[in-house]
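We name chains A, B, ... by the order of the sequence lines, and we start the count at 1 in each one.
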There are 2 protein chains.
Amino acid sequence: MSETRQYQTAEQRRDRAVAAVVELSATENPAGLTTARIARRMRLSEGALFRHFPNKDALWEAVAGWVAGQLSQRVAAVADEAPDPLAGLEAMFLAHIDFIARHPGVPRLMLGELQKPAGSRARRLIERAMGEYRERVQRLLRAGMEQGRVRADLDPAAAAVLYLGAVQGLVVQSLVAGDMQAAARAAPGVFRVFRNGIVERAA
Amino acid sequence: MSETRQYQTAEQRRDRAVAAVVELSATENPAGLTTARIARRMRLSEGALFRHFPNKDALWEAVAGWVAGQLSQRVAAVADEAPDPLAGLEAMFLAHIDFIARHPGVPRLMLGELQKPAGSRARRLIERAMGEYRERVQRLLRAGMEQGRVRADLDPAAAAVLYLGAVQGLVVQSLVAGDMQAAARAAPGVFRVFRNGIVERAA
DNA sequence: AATGGAAGTGAGTATTTACTTTCATTCGGG
DNA sequence: CCCGAATGAAAGTAAATACTCACTTCCATT
């Protein structure tokens, strides 16, 4: 009879819990988030939260999975439709920064995960996502070299580290400034300097 | 009579406490360090630790001060004796990575501080150190532009972000790999790509 | 040798926090 | 419409942790 259910399904609740964590992380230290705080944000009791996640680690794992999934999905989408490797790198870069600017809690969450002991499932998800990301950057760099648009003497591994560093540099600087929008504004300029470091100088 | 005192002075204890935190942070999440754990590492009772620091925050402040001091000191030393701006940038870069490779807990501590609320004294120390660091990089970049060795169309602010990002990229990649020595090995190659992005191409 | 202050100990304590338990309410299929 | 399962609230628990306190040990100075 009722148009809208009063109870939400378990999956909806899990999604909302992840969203709550991401939102709270925008203004608070994720490491300090308590289950009570997260539940309150969802307008749910603490006990009900534990009905949808067996324990707190499982919640963190869900959060890490969401972050990793969103990032690779968005990044893959723009990279695939770019006309050439350099344009692909730039599109990925801007998409990444745009995603973070929209969800300022994400970098804090990722940096927080990397502090945890190496074996944790949440951490492994983040590690894998970063690895795939770096692979993708290196593939584009090599493709650019084959097309003669990227310097032939480039070390793709080193350049990929610098590329990820460009993202992280923007993020950390904005974290310090407390303004993630600043990252989005500064991103094109930073990418331009990076690009200068890898392009084949016009003959 | 006694060659060595049995009790240490307050200052010695404070220094050793900071060292203990830095050492422990190399293998454990700094956010999870307890006062009991830190005291045990120093072979001291928890009560005695609190005789030298009024509270835990004061200990973190001392740690942040040590990190900030070490970094600016080492970096300033090598930058000042470099023959030209580009050499100075490279020397700073390598000195920074070398310091971190020697104290693998340092990046975790710094990233952890940046998660804390904006007002904390420890965090302000880190913020100031990073600000001075970026200023120094920008000064060198501008000096290089005046000498014609750095591209005239460079945006020094964007390049400084990329420079810091290069450091952070190396650090985060090594944090993921769990091997800070890797950062030291990869550093020269990464700096080379950065350098390509800023040098004036030979006429 | 006596003394007083600095350094140290070890056993608390109040609070926080992840997780549990108990019971009430709501949902959907037969 | 009824019953079992799913969802929820509220109160509780055991463990962890920052910090305190009463008391002891060391040692430089007089």
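- Side-chain N/O atoms of B:Arg37 include none lying less than 4.0 angstrom from OP1 or OP2 on D:dA16.
- Of all non-hydrogen atoms in A:Ala159 and A:Phe194, the two that sit nearest each other are O-CE1, 3.6 Å.
- Dashed line: the shortest gap from a side-chain N or O of A:Thr35 to OP1 or OP2 of C:dA18 is under 4.0 Å.
- Taking A:Arg136 as the reference, nothing meets the side chain to side chain donor-acceptor pair (under 3.5 Å) condition, with sequence neighbours excluded.
- Across the protein-nucleic acid pair, B:Lys56 atom NZ and D:dA16 atom P stand 15 Å apart, rounded to whole Å.
- The listed nucleotides are D:dC19, D:dT7, D:dC26; the one nearest the side chain of A:His52 is D:dT7.
- Atom P of nucleotide C:dG8 and atom CD1 of B:Ile38 are separated by 16 Å, given to the nearest angstrom.
- Here the side chain of A:Ala48 is nearest to one of D:dA9, C:dA18, D:dC26, namely D:dA9.
- Backbone-only contact: B:Thr34 has heavy atoms under 4.0 Å from sugar-phosphate atoms and none from a base.
- Remark: of the listed residues B:Lys56, B:Arg121, B:Arg124, B:Arg121 is the sole one forming a salt bridge (Lys or Arg N to Asp or Glu O under 4.0 Å) with B:Glu61.
- Across the protein-nucleic acid pair, B:Arg16 atom CZ and C:dG8 atom P stand 10 Å apart, rounded to whole Å.
- B:Arg74 and B:Gln70 share a side-chain donor-acceptor pair at under 3.5 Å.
- When distances are taken from the side chain of B:Glu46 to each of D:dA18, C:dA7, C:dG8, the shortest belongs to D:dA18.
- If you measure from atom CZ of B:Phe50 to atom C1' of C:dT13, you get 14 Å, rounded to the nearest angstrom.
- As a whole-Å value, the separation of A:Arg51 CZ from C:dT21 P is 12 Å.
- Atoms CZ (A:Arg43) and P (D:dA10) sit 14 Å apart, rounded to a whole Å.
- Between A:Phe93 and A:Phe191, the two ring planes are tilted [angle within 30° to 60°].
- Summarising the geometry, the separation between CZ on A:Arg14 and P on D:dA6 is reported as 13 Å, rounded to the nearest angstrom.
- Atoms CG (B:Leu44) and P (C:dG10) sit 10 Å apart, rounded to a whole Å.
- Each of A:Asp57 and B:Leu49 was assigned the nucleotide of DNA chain C with the nearest heavy atom; the assignment lying further toward the 5' end belongs to B:Leu49.
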